Amino acid sequence: MAVPETNTRRIGKWYFGGIASAGAACCTHPLDLLKVHLQTQQVANTGLVQMGVKVVKNDGVLALYNGLSASLMRQLTYSLTRFALYEAIKKQRTKDGRLMPFYEKIAVAALSGFTGGIVGTPADMVNVRMQNDMKLPPLERRNYKHALDGLYRVWSVEGTRKLFSGVTMASTRAIFVTVGQLSVYDQVKQMLMKTGVFHDTLVTHFSSSVIAGTVATIITQPLDVMKTRVMNAQPGQYKTLLHCAADISKVGPLGFFKGFVPAFMRLGPQTILTFILFEQLRLRFGYIEPS
């Protein structure tokens, strides 16, 4: 059943993207945690299922949600920023009724992702550390109580600069994932609705988000592996990104795609849930611009 035309004209509020992303993260966090574990092992000798069994066996079921507070903080900084900026610029560019061409969507998504990547780096770094903590020997674990404790301890012990460790890789990855998600989703949704067969409904939102999630995973996986390594590294372990890339390449080109299956299984559902939640928030709680 088609959504009433008045609802399809509704515009999402600036914080809807952050709320939707946080809601999706609550569902996909276990897969995100297993992805980090797979990416930080030097020798790829453990699969997704085996890693999941190992985590539950050693630390219990709740260990699959280690670092959830940092994951939520990341979404409420990184995703909120990129969604808010993208939607704000799109609103300005389409206020006269024109449709943004795809290349403009890519440019806006790239800018939004870059900005969001910088804003979300501290929470992202703490998120990676909290998820990987259980793999370390007991005496080497950081044992952050929650995301705010992690941020404070990094700042007080390692300094402000450490909070932005890996910011170059994080912001670069954010560009690609935002292009893959927001611009591709917008473009696919627009093309589907132009056919007259699809409308502003759940079927359209789901179809568009599946394609967006697939594209985003493919183009971001190598950067995601490098970002995880850099953020989880000991001080001085990697002098440059090339040093990190060289270390990963020791196991061959496939080293850059470690954890691809859990990455796709996380980013795919996360993208789908994010856009479905975002669209539902827009349709039900968005506002209509006065003529």
Side-chain angles (χ1 to χ4, degrees), residues 3 5 7-21 24 75 77-120 170-224 264 267-283 286-289:
V3 176
E5 186 178 354
N7 282 1
T8 65
R9 291 167 45 218
R10 289 184 180 274
I11 300 173
K13 296 180 181 179
W14 64 272
Y15 52 84
F16 281 0
I19 294 175
S21 298
Q75 297 302 335
T77 52
Y78 157 66
S79 285
L80 188 147
T81 300
R82 66 192 183 115
F83 265 92
L85 189 56
Y86 182 86
E87 292 296 324
I89 297 176
K90 185 175 77 170
K91 177 183 173 182
Q92 287 297 316
R93 299 292 296 171
T94 59
K95 62 182 179 181
D96 58 353
R98 66 185 286 270
L99 294 175
M100 285 176 61
F102 189 40
Y103 71 86
E104 281 191 22
K105 294 175 184 174
I106 292 176
V108 174
L111 174 63
S112 303
F114 177 75
T115 307
I118 294 174
V119 173
S171 56
T172 302
R173 177 190 179 274
I175 291 174
F176 284 92
V177 75
T178 307
V179 167
Q181 285 183 331
L182 272 66
S183 63
V184 171
Y185 176 84
D186 253 4
Q187 186 66 22
V188 173
K189 178 184 173 183
Q190 177 184 315
M191 292 171 64
L192 289 177
M193 292 182 66
K194 268 189 173 181
T195 64
V197 177
F198 292 86
H199 305 281
D200 199 1
T201 60
L202 184 62
V203 173
T204 304
H205 305 157
F206 176 80
S207 303
S208 304
S209 58
V210 167
I211 296 174
T214 302
V215 173
T217 305
I218 292 173
I219 65 178
T220 60
Q221 184 62 10
L223 291 169
D224 197 23
F264 179 78
L267 191 57
Q270 195 266 347
T271 302
I272 294 169
L273 289 171
T274 295
F275 281 113
I276 287 178
L277 289 173
F278 175 81
E279 294 285 14
Q280 292 304 307
L281 287 170
R282 177 183 65 83
L283 292 173
Y287 62 95
I288 299 176
E289 285 272 284

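Everything numeric in this text was worked out from a predicted model, so none of it was measured.
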Contact between [X] and [Y] at the side-chain level, heavy atoms closer than 4.5 Å - yes or no?
X	Y	result
T204	E279	no
S207	L192	yes
V177	Y78	yes
L267	Q181	yes

Specify the closest pair of heavy atoms between [X] and [Y], including all atoms of both residues, with the distance to one decimal.
X	Y	value
Q270	A24	O-CB, 3.7 Å
G180	S183	N-OG, 4.5 Å
A109	V179	CB-CA, 3.8 Å
G268	T217	N-OG1, 4.5 Å

Determine all donor-acceptor pairs shorter than 3.5 Å in which one atom belongs to a side chain in residues 11-20; sequence neighbours excluded.
none

[X] side, atom [atom1]; [Y] side, atom [atom2] - distance, nearest 0.5 Å:
X	Y	atom1	atom2	result
T94	I89	OG1	CD1	11.5 Å
T77	Q75	OG1	CD	8.0 Å
L85	T178	CG	OG1	10.0 Å
I272	T214	CD1	OG1	7.5 Å
L283	H205	CG	NE2	5.5 Å
Q280	L202	CD	CG	6.5 Å

Do side-chain atoms of [X] reach the backbone of [Y] as a donor and acceptor pair under 3.5 angstrom?
X	Y	answer
S171	F114	no
S209	F206	yes
R98	R93	yes

Could you please spell out the steps behind the side-chain contact (heavy atoms from CB on, under 4.5 Å) verdict for Q190 and K105? CA-CA 12 Å; Q190 177 184 315; K105 294 175 184 174; 2.7 Å; yes

Can you pull out every ring pair (Phe, Tyr, Trp, His ring centres under 6.0 Å) where at least one residue sits in residues 80-104? Sequence neighbours excluded, please. F83-F275, F83-F278

Check against side-chain contact (heavy atoms from CB on, under 4.5 Å), D200 and M193: CA-CA 7 Å; D200 199 1; M193 292 182 66; 3.9 Å; yes

